[in-house]
Structures are given as C-alpha cells and as structure tokens.
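Sequence lines set the chain letters: A, B, ... in the order given, protein chains first and strands last, and positions in each chain run from 1.
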Amino acid sequence: MSDDKGLTVKKNEDFSQWYTQVVQKAELADIRYNVKGFVVFRPWAVLIMNKMFQLLEQELEKKGHQPALFPALIPESNFKKEAEHVEGFLPEVFWVTEAGGEGEKIDERLALRPTSETAMYQMFALWIRSWRDLPFKIYQRCQVWRYEGKATRPFIRSREFYWIETHNAFATLEEAEKQVQEDMETTDNVIHKEYAIPFLFFQRPEHDKFAGAVHTYAADTLMPDGKVLQLPSTHLLGQNFSKSFEIKFVDKNGESKYVWQTCYGPAVSRIIAAVISMHGDNKGLVLPPTIAPIQVIIIPIITSKENTEIVLAKCKEILESLEKAGVSPKVDADAERTPGWKFNYWELKGVPLRIEIGPRDIRSGQVVIVRRDNGAKQFVKENEVVNRVKEALEGIQKSLSEKAYNFLNDHLYDSQDYDEVKKILADKGGLVRINWCGLEECAEEMKNETNGGVIRGTLLGKNEEAKGNCIRCGNTSTQVVYISKQY
RNA sequence: GGGGUUGUCGGCUAGUUUGGUCUAGGCUUCGAGACUCGGGCUCUCGAGAUCCUGGGUUCAAAUCCCAGCAGCCCCA
C-alpha cells in the first residue's frame, strides 16, 4: 500500500498522525510553506470555510450586525491605550518596523492586528454620538496574526488565522449582557446546528479572561483524543475600552455617557479543525452536508464505448434534477480514472453522498446511492432520486450531530477525588466536574500536577451550586468548575 | 521558554552507524501510449534529486563538525 493512497493510520489508534494525514491527503493544507507557524490553505479547505463563513455571516446580519473591514496595521500608540489589553497581547504581536528596499525605519512601529479592538474603537469614538446610534453592531471577516509560542498545527493553532470578529456598543450594561446571550445563541445556531459540532459554554475564571474583558464566555468542544478545543468566545468588555478610547454618547436626557461593549470571535479556521476531527473516519473527511462544497458526487460507470454517451447523459439528467432541487452535485466524468479510484478519492474528501450510475442501473431504471458516513448503499428508482437524496443528506447531518454529541456527553465526569481526576485526565481525557476554591495559584498547581489540566470555568445555563471543599487545597470551594486538558 | 529528534526526486523512503563502489536505488506521483474500467486494474516507454541552506574538516562529504531555517515529539 502506497502512502499516497488512503490513510495509513486509524483515527482511534493514533489521532495525531491521523489528523496530519487527513490534512495532507484530503488536500486541505500544505505545511511546506517556509515561515514557521504559517501554512497554505488549499482550495478544498477554503471552499468548506467559505460555506462556514456564509452561514455565520447570514446569522450575524440577521441579528443586526453590519459588515466592515478595518486595516490590518495598528499604530503602537492605539494598541497601548487599554492597559490590560496590551499586557495580555504584547507577547504575541508581530510588528512592522521598516519599509522599502533600504529598510527605512517607520516612525511609529505598527502592530499586525492580533485582534481588532484597538483598530476599531477609535473609529467607534468618531461614529457614535447619540443614543440614536446605538446599539452599534459591526463585524468583520479577516485574518489575524499572533506570535504563538506553543507548538503550531494546521488549523488547530497557527500564527495566522481566519475569523470573524464582532464588536458591539450599547447604551446600557443590560443590553451588553443580552448581546452575550445572543452570541451564545448564534454559536448554537451555526456551530452546533449547521457544523454539527457540540460544545459546552463556560464562564472563564478570572485569571483566564480575554485581556481587557470584564467577563469571558467560551464554547469548548472535545476532540477525539479527549482534549478540549476552545471555539468562539464572547466577551463582556464593560466600559474598559470605551473609557480608554473615549467612546461616548449623549443619552435621551442630554447626558454624556460611556458605551458598554462586547465582542465575539468565532475562528473559522480553527472550527474547521473540529469539523475535520469530530466527523472524520478511517477513510478520511466526512463533511456535514450543510458545509460540503459538493454534497453529491455522481460517478458514471462506463463499460464500453457504446454506452458511454448513454451513461453520461443519464448522469447529467440526474445532476440537473438535483441542482433544481437546491442540492450541490457534481459529476466526475474523468475518463482516465477508474470508478474505484474515484470512490476512494471522494471519500477521502468527505463528500456526503455518492451516486453510481452504470448500464445495469439504466436498464432497470435505478441508481445506486451510498452514504459517506455509514457506507449504507441503496438502490433508488430514478423518479425518487431527488427525494431520497434530500432524505439521506438530512439523515447524515442528524447522525453526525448525534454521534458528536454523544461523544462529548460520554466524556463528562464528576469527581471530588483529586487522584481520580488525575487518572481520568491521564487515561481517557474529557471534562471532569470538580469543586474549586477559585484561586489562580491553586489552578496553576493543578495544571502542573495533572499534567496540563486547565480549569475551563463554570458551566453556563446549569447554575451549579458550590458546596464542599476544593479538591486540591481543601479550602471552601467557591464554584463548581470543569477541568480538562486542552489544545 | 527548556530538552530531544528529523530534513535525500511532487509524496513515502533506501543509503548515513564504518566518508570512496552513489553516475543516489525502490515504490508512488507526473508525462506519452495501450487497456473501457461496478472499490485506488494491468502493461510499455519517458521525466523528476546541485542529498534543506551556509560554513568547516578531508585527497575525497548525502554520510563527520558548527551555525541558521523548517518539521515532529516531550517537558515548563
């Protein structure tokens, strides 16, 4: 078996190797670009990400966010306006310090945005004048750069990534808090329902907040190796930035006030890592139909010169009827590849459904439909193809979603025994519910002693009462939190 | 941040331990042709590598030494 063909490792035996192979063999990314932590995103990944972006943007616009595009360069003086923010991000900033062939020094060095608060908010200060301008909700789709110290992996963590960031300003704290709720709903509607990625929403502990935020809420999903991957986070910024950037409005009573702010950042190039990992199998990618660039691959089975045209004509007919029904199909009519080759290729790429059409099928007025997720094969009468395809696509979406949900659910544990917690994290991975005292030092020690276990925070929507003692230090516990290893 | 390890045709690799037989071998890929194909079919011919980069040691370097770049793994 050549290495250029299918995957040579099983997902459940060596997830890390499996991931590397899928990324390469499904032609998602090429890691041969010669800058550390930067990779090339190949067409298949970009097509998937485009679908993902579209779904998110539709949802955001429905909820009143307007698109904008801000410059990628931020002057150092802007960047430094909010003290906590700078402190948090400074170690990760790439700077532009010179320009031109002679390397002429730039007067004030420019940050390549690691996130856009400090680019946007000076403009917010100019644009927002009255209560009539509020709420003010902007989003931008862009790439950002962070000088990551941790090991980089394609999609999971790199020094350049692609995301959407929303930035919002409100007249009151209550409205800002409501926006946080709305962001969670957006996350649920898109990432959970459309991408079929389950997650838990946590309020992060004080010491793990976004730099400059009052509170940080983040969605965590669980990767097949039992480690958590952080997906979107939404931040209640309070008035920290509005005070630094002088974003004020005049309220109905003529009084000048600082706005209340939130921001939200779904990193699509990272979420795709969850999609690859959660849904993929030993044959390669498995894409949820909602984000598959091609939903149905039609493969003609040609056995002689005489029937070539008949078979291809039938394929085209089916293609058109599917297109008319709003499905995205493609015919792979490549005469140089055998059907077997095509089966493997499109399975590797994760196309949800395959239709085979050969002379035998045409004689009996049927086609063969094969599901990518479970390999189920059915013979379908020609006049029922459209309906059956739609059913199958829905079935795949549902089944991927359930499978992923069950995996997460099966890896939630509950323990008040520190040794047991260590053992769970070491053996199976997953998230363990524990009592915790709330002190950062204690969390630090736990991270060391559990070999990487990180406090994710308190679970939202559950209101879990703290009682008993911190599992590590034995002091009175102030909160029920979840701990897990993370990417 | 610290430690380890690797870098040879587009991909996977043999060769490196013990410098010379390497004009760098194989599979795959790619190109031309045959084969008309219900799970990566088979055959013929051809192409593709200043052995990551720079320096050093030597009569002689893919092979030994140093530095840089990049990848992977482990630890903080």
Review point. Looking for any heavy atom pair under 4.0 Å, which part of the strands does A/Gly37 touch: base, sugar-phosphate only, or nothing?
Key: sugar-phosphate
Review point. How are the rings of A/His235 and A/Phe210 set to each other: parallel, tilted or perpendicular (split at 30° and 60°)?
Key: parallel
Check your understanding: NZ of A/Lys150 versus P of B/C72: gap in Å, rounded?
Key -> 16 Å
Exercise for review: May I ask you to establish whether A/Arg42 and A/Trp44 are in a cation-pi arrangement, using a distance under 6.0 Å from NZ or CZ to the six-membered ring centre and at most 45° from the ring axis?
Suggested key: no
Point to revise | Which nucleotide in B/G40, B/C73, B/G38 has an atom nearest any side-chain atom of A/Asp361 | key: B/G38
Point to revise | Whole-Å distance separating the CD atom of A/Glu27 from the C1' atom of B/G10 | key: 12 Å
Check your understanding: Taking OP1 and OP2 of B/C75, is either one under 4.0 Å from a side-chain nitrogen or oxygen of A/Asn451?
Key -> yes
Practice item. Validate the cation-pi geometry between A/Arg113 and A/Trp163: distance from NZ or CZ to the six-membered ring centre under 6.0 Å, angle to the ring axis within 45°. Key: no
Check your understanding: Which word best sums up how the rings of A/Phe202 and A/Tyr482 line up, parallel for under 30°, tilted for 30 to 60°, or perpendicular for over 60°?
Key -> tilted
Point to revise | Whole angstrom value for the distance that separates P of B/G38 from CZ of A/Phe343 | key: 9 Å
Practice item. Figure out the CD1/P separation between A/Ile357 and B/U36, and round it to whole Å. Key: 22 Å
Review point. Considering Watson-Crick and G-U wobble pairs with both distances under 3.5 Å, what does B/U23 pair with?
Key: none
**Study point:** First of A/Tyr147 and A/Arg360 reached from the 5' end of RNA chain B, by closest nucleotide
**Key:** A/Tyr147
Point to revise | Pairwise C1' distance for B/G7 and B/U63, with rounding to whole Å | key: 14 Å
Exercise for review: Using a heavy-atom cut-off of under 4.0 Å over every strand shown, decide if A/Gly149 touches base, sugar-phosphate, or nothing.
Suggested key: nothing
Exercise for review: Return the value, rounded to whole Å, for the distance between atom CZ of A/Arg372 and atom P of B/G39.
Suggested key: 17 Å
Point to revise | Residue A/Ile31, side-chain atoms from C-beta onward, closest of B/G71, B/G38, B/C73 | key: B/G71
Practice item. Have a look at A/Ser16 and say if it touches a base, only the backbone sugar-phosphate, or nothing, with a 4.0 Å heavy-atom cut-off. Key: sugar-phosphate
Point to revise | Minimum-distance nucleotide (side-chain atoms of A/Lys283 versus B/U36, B/G39, B/G38) | key: B/G39
Practice item. Choose from B/G10, B/G38, B/G40 the nucleotide whose nearest atom is closest to any side-chain atom of A/Val368. Key: B/G38
Review point. Heavy atoms, side chains only, cut-off 4.5 Å: are A/Ser484 and A/Lys227 in contact?
Key: no
Practice item. Counting heavy atoms from C-beta on, name the nucleotide in B/C30, B/G38, B/G39 closest to the side chain of A/Arg337. Key: B/C30
Practice item. Tell me whether the OP1 or OP2 atom of B/G71 has a side-chain N or O from A/Lys36 closer than 4.0 Å. Key: yes
Review point. Checking all strands, does A/Ala335 fall into the base, sugar-phosphate, or nothing category for heavy-atom contacts under 4.0 angstrom?
Key: base
Revision key, fill the gap. Per atom distances to the A/Thr338 side chain, the nearest of B/G39, B/G38, B/G40 is B/G40
Check your understanding: Looking at the side chain of A/Arg32, which of B/G71, B/G11, B/G39 is the nearest nucleotide?
Key -> B/G11
Review point. Between A/Phe379 and A/Asn448, who's closer to the 5' end of RNA chain B by nearest nucleotide?
Key: A/Phe379
Practice item. Write down the distance separating the C1' atoms in B/C27 and B/G40, rounded off to the nearest Å. Key: 15 Å
Check your understanding: Which nucleotide in the list B/G38, B/G40, B/G39 gets nearest to the side chain of A/Arg354?
Key -> B/G39
Exercise for review: Could you tell me whether the side chain of A/Glu347 has a donor or acceptor atom within less than 3.5 Å of a complementary atom in the base of B/G39?
Suggested key: yes
Check your understanding: Does any non-hydrogen side-chain atom of A/Leu431 lie less than 4.5 Å from one of A/His411?
Key -> no
Revision key, fill the gap. Re B/G46: Watson-Crick or G-U wobble partner, both distances kept under 3.5 Å, found to be B/C30
